[in-house]
There are 2 protein chains.
Amino acid sequence: MSKPILYSSWSSSCSSRVRIALALKKIDYEYHAVNLRTDEEQKDFALNNPAKKVPILKINGLTLTESMSIIEYLDEVYPNPPLLPKDPEARAHARAIAFHISSNIQPLQNLAICRKLEEIQKGYGIQWCHDVICRGFDALEQLLKLYSGRFCVGDRITIADLVLPSIVYNATEKYNVDMGPYPIISRIAAELGGIPEFEAAHPSRQPDAPKN
Amino acid sequence: MSKPILYSSWSSSCSSRVRIALALKKIDYEYHAVNLRTDEEQKDFALNNPAKKVPILKINGLTLTESMSIIEYLDEVYPNPPLLPKDPEARAHARAIAFHISSNIQPLQNLAICRKLEEIQKGYGIQWCHDVICRGFDALEQLLKLYSGRFCVGDRITIADLVLPSIVYNATEKYNVDMGPYPIISRIAAELGGIPEFEAAHPSRQPDAPKN
(Lines give C-alpha, C1' and ligand atoms only; values in the text may rest on other atoms or scores of the structure.)
Protein backbone atom coordinates (compact mmCIF):
# COMPACT_ATOMS: atom_id res chain seq x y z
CA MET A 1 0.00 0.00 0.00
CA SER A 2 1.28 3.48 -0.80
CA LYS A 3 1.63 6.07 1.92
CA PRO A 4 -1.66 7.83 2.86
CA ILE A 5 -2.04 11.38 1.54
CA LEU A 6 -3.77 14.08 3.57
CA TYR A 7 -5.12 17.06 1.65
CA SER A 8 -5.06 19.75 4.29
CA SER A 9 -4.89 23.45 4.87
CA TRP A 10 -2.81 24.72 7.79
CA SER A 11 -5.61 26.92 9.16
CA SER A 12 -8.53 24.53 8.61
CA SER A 13 -10.18 23.33 11.83
CA CYS A 14 -11.50 20.21 10.14
CA SER A 15 -8.02 19.35 8.81
CA SER A 16 -6.47 19.76 12.25
CA ARG A 17 -8.81 17.14 13.74
CA VAL A 18 -7.61 14.55 11.25
CA ARG A 19 -3.96 15.56 11.70
CA ILE A 20 -4.32 14.87 15.43
CA ALA A 21 -5.99 11.50 14.80
CA LEU A 22 -3.24 10.44 12.39
CA ALA A 23 -0.56 11.52 14.85
CA LEU A 24 -2.15 9.66 17.77
CA LYS A 25 -2.53 6.51 15.63
CA LYS A 26 1.09 6.90 14.48
CA ILE A 27 0.07 6.73 10.82
CA ASP A 28 2.75 8.21 8.61
CA TYR A 29 1.36 10.29 5.74
CA GLU A 30 2.21 12.70 2.98
CA TYR A 31 0.97 16.26 3.56
CA HIS A 32 -0.59 17.86 0.48
CA ALA A 33 -1.30 21.55 1.11
CA VAL A 34 -4.45 22.87 -0.54
CA ASN A 35 -5.05 26.52 -1.28
CA LEU A 36 -8.55 26.91 -2.65
CA ARG A 37 -7.79 30.36 -3.98
CA THR A 38 -6.00 29.13 -7.11
CA ASP A 39 -8.13 27.80 -9.99
CA GLU A 40 -5.92 24.92 -11.10
CA GLU A 41 -5.62 23.59 -7.60
CA GLN A 42 -9.37 23.91 -7.10
CA LYS A 43 -10.03 21.88 -10.27
CA ASP A 44 -7.65 19.14 -9.21
CA PHE A 45 -9.13 19.20 -5.74
CA ALA A 46 -12.75 19.04 -6.90
CA LEU A 47 -11.96 15.82 -8.75
CA ASN A 48 -11.20 14.26 -5.40
CA ASN A 49 -13.97 15.83 -3.37
CA PRO A 50 -17.25 17.15 -4.67
CA ALA A 51 -17.68 19.20 -1.49
CA LYS A 52 -14.48 21.14 -2.38
CA LYS A 53 -13.46 21.06 1.25
CA VAL A 54 -10.42 19.93 3.15
CA PRO A 55 -9.60 17.50 4.62
CA ILE A 56 -9.48 14.58 2.22
CA LEU A 57 -7.62 11.46 3.24
CA LYS A 58 -6.45 8.99 0.60
CA ILE A 59 -5.79 5.76 2.43
CA ASN A 60 -6.00 2.04 1.67
CA GLY A 61 -7.11 2.84 -1.89
CA LEU A 62 -10.03 4.96 -0.63
CA THR A 63 -10.79 8.66 -0.89
CA LEU A 64 -12.38 9.73 2.39
CA THR A 65 -14.05 13.06 3.15
CA GLU A 66 -15.63 14.77 6.17
CA SER A 67 -13.37 14.97 9.20
CA MET A 68 -15.71 13.28 11.67
CA SER A 69 -16.28 10.37 9.31
CA ILE A 70 -12.53 10.05 8.64
CA ILE A 71 -11.84 9.92 12.38
CA GLU A 72 -14.46 7.18 12.91
CA TYR A 73 -12.92 5.21 10.00
CA LEU A 74 -9.42 5.53 11.42
CA ASP A 75 -10.66 4.40 14.82
CA GLU A 76 -12.34 1.33 13.33
CA VAL A 77 -9.41 0.28 11.13
CA TYR A 78 -6.54 1.35 13.41
CA PRO A 79 -8.00 0.74 16.88
CA ASN A 80 -4.94 1.77 18.92
CA PRO A 81 -5.07 4.01 20.79
CA PRO A 82 -8.88 4.11 20.80
CA LEU A 83 -10.52 7.50 20.22
CA LEU A 84 -13.84 6.40 21.69
CA PRO A 85 -14.47 4.96 25.16
CA LYS A 86 -15.57 1.32 25.41
CA ASP A 87 -18.84 2.03 27.21
CA PRO A 88 -21.80 3.11 24.98
CA GLU A 89 -22.80 5.81 27.49
CA ALA A 90 -19.36 7.44 27.50
CA ARG A 91 -19.12 7.02 23.72
CA ALA A 92 -22.40 8.93 23.38
CA HIS A 93 -21.14 11.77 25.57
CA ALA A 94 -17.81 11.98 23.69
CA ARG A 95 -19.59 12.09 20.34
CA ALA A 96 -22.17 14.60 21.66
CA ILE A 97 -19.39 17.01 22.68
CA ALA A 98 -17.57 16.48 19.38
CA PHE A 99 -20.75 17.07 17.35
CA HIS A 100 -21.74 20.06 19.47
CA ILE A 101 -18.50 21.69 18.35
CA SER A 102 -18.42 20.35 14.79
CA SER A 103 -22.09 21.04 13.95
CA ASN A 104 -23.34 23.75 16.31
CA ILE A 105 -20.30 26.00 16.56
CA GLN A 106 -17.70 25.44 13.85
CA PRO A 107 -19.87 25.82 10.70
CA LEU A 108 -21.38 29.08 11.95
CA GLN A 109 -18.05 30.83 12.52
CA ASN A 110 -16.00 29.85 9.51
CA LEU A 111 -14.10 32.28 7.32
CA ALA A 112 -16.60 32.19 4.43
CA ILE A 113 -19.56 33.19 6.61
CA CYS A 114 -17.50 35.85 8.37
CA ARG A 115 -16.45 37.45 5.06
CA LYS A 116 -20.00 37.33 3.66
CA LEU A 117 -21.40 39.11 6.72
CA GLU A 118 -18.57 41.67 6.66
CA GLU A 119 -19.65 42.49 3.08
CA ILE A 120 -23.19 43.28 4.25
CA GLN A 121 -22.12 45.36 7.21
CA LYS A 122 -18.56 46.17 8.30
CA GLY A 123 -17.77 44.62 11.69
CA TYR A 124 -20.83 42.41 11.63
CA GLY A 125 -19.05 39.22 10.56
CA ILE A 126 -16.49 39.41 13.34
CA GLN A 127 -19.20 40.12 15.93
CA TRP A 128 -21.34 37.25 14.60
CA CYS A 129 -18.47 34.74 14.87
CA HIS A 130 -17.57 36.00 18.34
CA ASP A 131 -21.18 35.60 19.53
CA VAL A 132 -21.64 32.14 17.94
CA ILE A 133 -18.56 30.90 19.78
CA CYS A 134 -19.67 32.41 23.11
CA ARG A 135 -23.14 30.83 22.89
CA GLY A 136 -21.56 27.51 21.92
CA PHE A 137 -18.98 27.70 24.70
CA ASP A 138 -21.68 28.49 27.30
CA ALA A 139 -23.19 25.10 26.47
CA LEU A 140 -19.86 23.34 26.07
CA GLU A 141 -18.67 24.44 29.51
CA GLN A 142 -21.84 22.90 31.00
CA LEU A 143 -21.35 19.65 29.10
CA LEU A 144 -17.74 19.45 30.28
CA LYS A 145 -18.86 20.10 33.87
CA LEU A 146 -20.95 16.92 33.55
CA TYR A 147 -18.52 14.62 31.76
CA SER A 148 -14.91 15.84 31.91
CA GLY A 149 -12.03 14.47 33.87
CA ARG A 150 -8.49 15.22 32.82
CA PHE A 151 -9.88 15.41 29.25
CA CYS A 152 -13.32 16.17 27.77
CA VAL A 153 -14.85 12.83 28.78
CA GLY A 154 -13.05 11.20 31.68
CA ASP A 155 -9.30 10.78 31.84
CA ARG A 156 -8.52 9.44 28.38
CA ILE A 157 -8.32 11.24 25.06
CA THR A 158 -11.48 10.84 22.95
CA ILE A 159 -12.84 12.19 19.69
CA ALA A 160 -14.13 15.21 21.68
CA ASP A 161 -10.56 16.22 22.48
CA LEU A 162 -9.59 16.11 18.80
CA VAL A 163 -12.24 18.71 18.02
CA LEU A 164 -11.60 21.10 20.92
CA PRO A 165 -8.22 22.73 20.17
CA SER A 166 -9.09 24.30 16.81
CA ILE A 167 -12.25 25.99 18.07
CA VAL A 168 -10.36 27.38 21.07
CA TYR A 169 -7.66 28.55 18.65
CA ASN A 170 -10.30 30.39 16.59
CA ALA A 171 -11.91 31.85 19.72
CA THR A 172 -8.67 33.26 21.07
CA GLU A 173 -6.59 33.93 17.93
CA LYS A 174 -9.29 35.17 15.55
CA TYR A 175 -12.31 36.44 17.47
CA ASN A 176 -10.92 37.76 20.74
CA VAL A 177 -13.27 35.70 22.92
CA ASP A 178 -12.82 36.30 26.67
CA MET A 179 -12.08 32.82 28.04
CA GLY A 180 -12.71 33.92 31.67
CA PRO A 181 -16.20 32.33 31.80
CA TYR A 182 -14.83 29.03 30.44
CA PRO A 183 -12.35 27.62 32.97
CA ILE A 184 -12.89 23.95 32.07
CA ILE A 185 -12.57 24.53 28.32
CA SER A 186 -9.41 26.55 28.98
CA ARG A 187 -7.87 23.96 31.28
CA ILE A 188 -8.45 21.06 28.89
CA ALA A 189 -7.25 23.04 25.86
CA ALA A 190 -4.04 23.87 27.74
CA GLU A 191 -3.59 20.25 28.79
CA LEU A 192 -4.04 19.05 25.19
CA GLY A 193 -1.70 21.74 23.89
CA GLY A 194 1.19 20.14 25.78
CA ILE A 195 0.77 16.69 24.21
CA PRO A 196 3.30 16.08 21.38
CA GLU A 197 0.72 14.71 18.88
CA PHE A 198 -1.44 17.78 19.40
CA GLU A 199 1.55 20.09 19.16
CA ALA A 200 2.56 18.51 15.85
CA ALA A 201 -0.94 19.09 14.44
CA HIS A 202 -1.04 22.78 15.43
CA PRO A 203 -1.71 25.20 12.54
CA SER A 204 1.62 27.00 13.01
CA ARG A 205 3.54 23.73 12.59
CA GLN A 206 2.15 22.85 9.14
CA PRO A 207 4.32 23.16 6.01
CA ASP A 208 1.85 25.63 4.42
CA ALA A 209 1.61 27.92 7.47
CA PRO A 210 2.79 31.49 6.80
CA LYS A 211 6.37 32.08 7.89
CA ASN A 212 6.82 34.84 10.45
CA MET B 1 -36.75 0.49 32.75
CA SER B 2 -39.25 3.28 32.10
CA LYS B 3 -40.26 4.15 28.57
CA PRO B 4 -37.78 6.39 26.73
CA ILE B 5 -38.77 10.04 26.34
CA LEU B 6 -37.96 12.02 23.22
CA TYR B 7 -37.93 15.81 23.59
CA SER B 8 -38.70 16.90 20.07
CA SER B 9 -40.14 19.68 17.97
CA TRP B 10 -42.27 18.74 14.97
CA SER B 11 -40.34 20.98 12.57
CA SER B 12 -36.81 20.26 13.85
CA SER B 13 -34.59 18.48 11.33
CA CYS B 14 -32.40 17.07 14.07
CA SER B 15 -35.44 15.69 15.92
CA SER B 16 -36.74 14.01 12.77
CA ARG B 17 -33.52 12.03 12.34
CA VAL B 18 -33.92 10.52 15.80
CA ARG B 19 -37.63 9.85 15.26
CA ILE B 20 -36.75 7.82 12.16
CA ALA B 21 -34.05 5.87 14.03
CA LEU B 22 -36.43 5.03 16.90
CA ALA B 23 -39.12 3.94 14.43
CA LEU B 24 -36.72 1.71 12.47
CA LYS B 25 -35.43 0.14 15.69
CA LYS B 26 -39.03 -0.35 16.87
CA ILE B 27 -38.32 1.46 20.15
CA ASP B 28 -41.54 2.68 21.73
CA TYR B 29 -41.20 6.12 23.34
CA GLU B 30 -43.08 9.02 24.85
CA TYR B 31 -43.15 12.18 22.72
CA HIS B 32 -42.52 15.37 24.67
CA ALA B 33 -43.12 18.42 22.48
CA VAL B 34 -40.77 21.34 23.11
CA ASN B 35 -41.57 24.88 22.15
CA LEU B 36 -38.56 27.04 22.92
CA ARG B 37 -40.63 30.21 22.69
CA THR B 38 -42.11 29.91 26.20
CA ASP B 39 -39.91 30.77 29.17
CA GLU B 40 -41.04 28.07 31.59
CA GLU B 41 -40.55 25.36 29.04
CA GLN B 42 -37.13 26.74 28.16
CA LYS B 43 -36.07 26.65 31.82
CA ASP B 44 -37.22 23.07 32.24
CA PHE B 45 -35.56 22.17 28.97
CA ALA B 46 -32.24 23.83 29.80
CA LEU B 47 -31.97 21.67 32.91
CA ASN B 48 -31.87 18.66 30.62
CA ASN B 49 -29.68 20.09 27.92
CA PRO B 50 -27.19 22.91 28.25
CA ALA B 51 -27.26 23.39 24.47
CA LYS B 52 -30.99 24.26 24.68
CA LYS B 53 -31.60 22.27 21.56
CA VAL B 54 -33.87 19.43 20.57
CA PRO B 55 -33.65 16.51 20.33
CA ILE B 56 -32.93 15.06 23.75
CA LEU B 57 -33.48 11.36 24.33
CA LYS B 58 -33.91 10.00 27.85
CA ILE B 59 -33.23 6.31 27.64
CA ASN B 60 -31.77 3.60 29.90
CA GLY B 61 -31.32 6.19 32.66
CA LEU B 62 -29.25 8.45 30.39
CA THR B 63 -29.87 11.91 28.98
CA LEU B 64 -28.50 11.97 25.45
CA THR B 65 -28.07 15.02 23.21
CA GLU B 66 -26.94 15.71 19.63
CA SER B 67 -28.88 13.78 17.00
CA MET B 68 -25.90 12.15 15.30
CA SER B 69 -24.53 10.94 18.63
CA ILE B 70 -27.95 9.62 19.66
CA ILE B 71 -28.25 7.66 16.41
CA GLU B 72 -24.79 6.11 16.90
CA TYR B 73 -25.76 5.15 20.47
CA LEU B 74 -29.02 3.56 19.35
CA ASP B 75 -27.18 1.63 16.66
CA GLU B 76 -24.65 0.31 19.17
CA VAL B 77 -27.17 -0.68 21.84
CA TYR B 78 -30.04 -1.78 19.57
CA PRO B 79 -28.17 -3.25 16.60
CA ASN B 80 -31.21 -4.35 14.55
CA PRO B 81 -31.75 -3.23 11.90
CA PRO B 82 -28.24 -1.79 11.55
CA LEU B 83 -27.96 1.84 10.49
CA LEU B 84 -24.36 1.50 9.37
CA PRO B 85 -22.97 -0.95 6.80
CA LYS B 86 -20.63 -3.70 8.05
CA ASP B 87 -17.70 -2.71 5.85
CA PRO B 88 -15.52 0.18 7.16
CA GLU B 89 -15.32 1.71 3.66
CA ALA B 90 -19.11 1.84 3.23
CA ARG B 91 -19.51 3.03 6.83
CA ALA B 92 -17.15 5.92 6.06
CA HIS B 93 -19.16 6.89 2.98
CA ALA B 94 -22.48 6.69 4.86
CA ARG B 95 -21.15 8.85 7.67
CA ALA B 96 -19.53 11.27 5.21
CA ILE B 97 -22.88 11.87 3.49
CA ALA B 98 -24.66 12.19 6.84
CA PHE B 99 -22.08 14.68 8.15
CA HIS B 100 -22.03 16.61 4.88
CA ILE B 101 -25.73 17.29 5.45
CA SER B 102 -25.63 17.66 9.24
CA SER B 103 -22.52 19.89 9.42
CA ASN B 104 -22.11 21.59 6.02
CA ILE B 105 -25.73 22.29 5.09
CA GLN B 106 -28.17 22.04 7.98
CA PRO B 107 -26.55 24.46 10.48
CA LEU B 108 -26.20 27.18 7.84
CA GLN B 109 -29.87 27.22 6.85
CA ASN B 110 -31.68 26.97 10.17
CA LEU B 111 -34.50 29.24 11.24
CA ALA B 112 -32.40 31.27 13.69
CA ILE B 113 -29.81 32.23 11.07
CA CYS B 114 -32.53 32.95 8.51
CA ARG B 115 -34.34 35.35 10.88
CA LYS B 116 -31.12 37.09 11.90
CA LEU B 117 -30.19 37.76 8.28
CA GLU B 118 -33.73 38.92 7.45
CA GLU B 119 -33.30 41.51 10.24
CA ILE B 120 -30.19 42.91 8.57
CA GLN B 121 -31.67 43.00 5.09
CA LYS B 122 -35.18 41.96 4.06
CA GLY B 123 -35.10 38.94 1.75
CA TYR B 124 -31.45 38.22 2.49
CA GLY B 125 -32.09 35.39 4.96
CA ILE B 126 -34.31 33.45 2.57
CA GLN B 127 -31.82 33.89 -0.28
CA TRP B 128 -28.92 32.84 1.97
CA CYS B 129 -30.67 29.62 3.03
CA HIS B 130 -31.65 28.86 -0.56
CA ASP B 131 -28.06 29.30 -1.75
CA VAL B 132 -26.55 27.27 1.11
CA ILE B 133 -28.81 24.36 0.24
CA CYS B 134 -28.03 24.59 -3.50
CA ARG B 135 -24.28 24.61 -2.90
CA GLY B 136 -24.66 21.70 -0.48
CA PHE B 137 -26.88 19.75 -2.86
CA ASP B 138 -24.43 20.25 -5.76
CA ALA B 139 -21.89 18.33 -3.69
CA LEU B 140 -24.41 15.85 -2.30
CA GLU B 141 -25.62 14.88 -5.77
CA GLN B 142 -21.99 14.09 -6.72
CA LEU B 143 -21.45 12.03 -3.58
CA LEU B 144 -24.64 10.07 -4.26
CA LYS B 145 -23.53 9.48 -7.86
CA LEU B 146 -20.49 7.71 -6.40
CA TYR B 147 -22.09 5.71 -3.61
CA SER B 148 -25.87 5.37 -3.96
CA GLY B 149 -27.92 2.36 -4.91
CA ARG B 150 -31.56 2.19 -3.99
CA PHE B 151 -30.62 4.36 -0.99
CA CYS B 152 -27.81 6.84 -0.22
CA VAL B 153 -25.12 4.18 0.15
CA GLY B 154 -25.97 0.96 -1.61
CA ASP B 155 -29.30 -0.79 -1.29
CA ARG B 156 -29.83 -0.71 2.46
CA ILE B 157 -30.93 2.12 4.70
CA THR B 158 -28.04 3.80 6.53
CA ILE B 159 -27.50 6.80 8.77
CA ALA B 160 -27.22 8.93 5.59
CA ASP B 161 -30.84 8.17 4.73
CA LEU B 162 -32.01 9.30 8.17
CA VAL B 163 -30.52 12.73 7.54
CA LEU B 164 -31.73 13.25 3.96
CA PRO B 165 -35.51 13.73 4.22
CA SER B 166 -35.55 16.79 6.50
CA ILE B 167 -33.09 18.77 4.39
CA VAL B 168 -35.09 17.97 1.24
CA TYR B 169 -38.22 19.03 3.15
CA ASN B 170 -36.59 22.37 4.00
CA ALA B 171 -35.35 22.83 0.43
CA THR B 172 -38.77 22.27 -1.12
CA GLU B 173 -41.20 23.44 1.58
CA LYS B 174 -39.31 26.43 3.00
CA TYR B 175 -36.80 27.75 0.47
CA ASN B 176 -38.28 26.96 -2.92
CA VAL B 177 -35.18 25.15 -4.21
CA ASP B 178 -35.50 23.88 -7.81
CA MET B 179 -34.83 20.15 -7.50
CA GLY B 180 -34.34 19.72 -11.28
CA PRO B 181 -30.53 19.59 -11.01
CA TYR B 182 -30.74 16.95 -8.27
CA PRO B 183 -32.33 13.80 -9.74
CA ILE B 184 -30.61 11.33 -7.41
CA ILE B 185 -31.43 13.29 -4.25
CA SER B 186 -35.04 13.57 -5.44
CA ARG B 187 -35.34 9.89 -6.28
CA ILE B 188 -33.98 8.70 -2.94
CA ALA B 189 -36.07 11.20 -0.95
CA ALA B 190 -39.20 9.96 -2.75
CA GLU B 191 -38.23 6.34 -2.10
CA LEU B 192 -37.69 7.04 1.61
CA GLY B 193 -40.94 9.00 1.83
CA GLY B 194 -42.89 5.84 1.04
CA ILE B 195 -41.40 3.80 3.90
CA PRO B 196 -43.76 3.58 6.91
CA GLU B 197 -41.10 4.42 9.53
CA PHE B 198 -40.12 7.52 7.58
CA GLU B 199 -43.75 8.49 7.05
CA ALA B 200 -44.42 8.22 10.79
CA ALA B 201 -41.47 10.55 11.52
CA HIS B 202 -42.61 13.23 9.05
CA PRO B 203 -43.07 16.73 10.57
CA SER B 204 -46.78 16.83 9.66
CA ARG B 205 -47.44 13.61 11.59
CA GLN B 206 -46.12 14.85 14.96
CA PRO B 207 -48.51 15.69 17.82
CA ASP B 208 -47.23 19.29 18.01
CA ALA B 209 -47.57 19.97 14.27
CA PRO B 210 -49.97 22.80 13.41
CA LYS B 211 -53.42 21.55 12.43
CA ASN B 212 -54.56 22.60 8.98
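Throughout, protein chains are lettered first and strands after them, A, B, ... in sequence-line order, and every chain is numbered starting at 1.
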Enumerate, including both backbone and side-chain atoms, all donor-acceptor pairs under 3.5 Å from chain B to chain A.
from: B:E66; atom 1: OE2; to: A:N104; atom 2: ND2; distance (Å): 2.8
from: B:S69; atom 1: OG; to: A:A92; atom 2: O; distance (Å): 2.7
from: B:S69; atom 1: OG; to: A:A96; atom 2: N; distance (Å): 3.4
from: B:E76; atom 1: OE1; to: A:R91; atom 2: NE; distance (Å): 3.0
from: B:E76; atom 1: OE2; to: A:R91; atom 2: NE; distance (Å): 2.8
from: B:E76; atom 1: OE2; to: A:R91; atom 2: NH2; distance (Å): 3.0
from: B:E76; atom 1: OE2; to: A:R95; atom 2: NH1; distance (Å): 3.0
from: B:E76; atom 1: OE2; to: A:R95; atom 2: NH2; distance (Å): 3.4
from: B:R91; atom 1: NE; to: A:E76; atom 2: OE1; distance (Å): 3.0
from: B:R91; atom 1: NE; to: A:E76; atom 2: OE2; distance (Å): 2.8
from: B:R91; atom 1: NH2; to: A:E76; atom 2: OE2; distance (Å): 3.0
from: B:A92; atom 1: O; to: A:S69; atom 2: OG; distance (Å): 2.7
from: B:R95; atom 1: NH1; to: A:E76; atom 2: OE2; distance (Å): 3.0
from: B:R95; atom 1: NH2; to: A:E76; atom 2: OE2; distance (Å): 3.4
from: B:A96; atom 1: N; to: A:S69; atom 2: OG; distance (Å): 3.4
from: B:S103; atom 1: OG; to: A:S103; atom 2: OG; distance (Å): 3.0
from: B:N104; atom 1: ND2; to: A:E66; atom 2: OE2; distance (Å): 2.7

**chain A contact via B:L117 - side chain, backbone, both or neither, heavy atoms under 4.5 Å** = side chain
**Request:** May I ask you to name which of A:L108, A:L64, A:V132 has the most heavy-atom pairs under 4.5 Å with chain B?
**Result:** A:L108
**Request:** Identify the heavy atoms of A:P4 and A:I27 that sit nearest to each other, and give their distance.
**Result:** CG-CG2, 4.0 Å
**Asked** What are the two closest heavy atoms between B:V153 and B:A90, and how far apart are they?
**Response** CG1-O, 4.0 Å
**Asked** Do you know which two heavy atoms are closest between B:L6 and B:P55, and how far apart they sit?
**Response** CD1-CB, 4.0 Å
**Prompt:** Under a 4.5 Å heavy-atom cut-off, does chain B meet the side chain of A:I120, its backbone, both or neither?
**Reply:** side chain
**Request:** Compare every heavy atom of B:A21 with every heavy atom of B:I71, then report the nearest pair and how far apart it is.
**Result:** CG1-CB, 4.2 Å
**Item:** Separation between CD1 of B:I157 and CG of B:L192, rounded to the nearest 0.5 Å
**Value:** 6.0 Å
**Prompt:** What are the two closest non-hydrogen atoms of B:P107 and B:I113, and how far apart are they?
**Reply:** O-CD1, 4.4 Å
**Request:** Sequence neighbours left out, what passes side chain to side chain contact (heavy atoms under 4.5 Å, CB included) with B:A98? Give chain and number order.
**Result:** B:M68, B:I159, B:V163
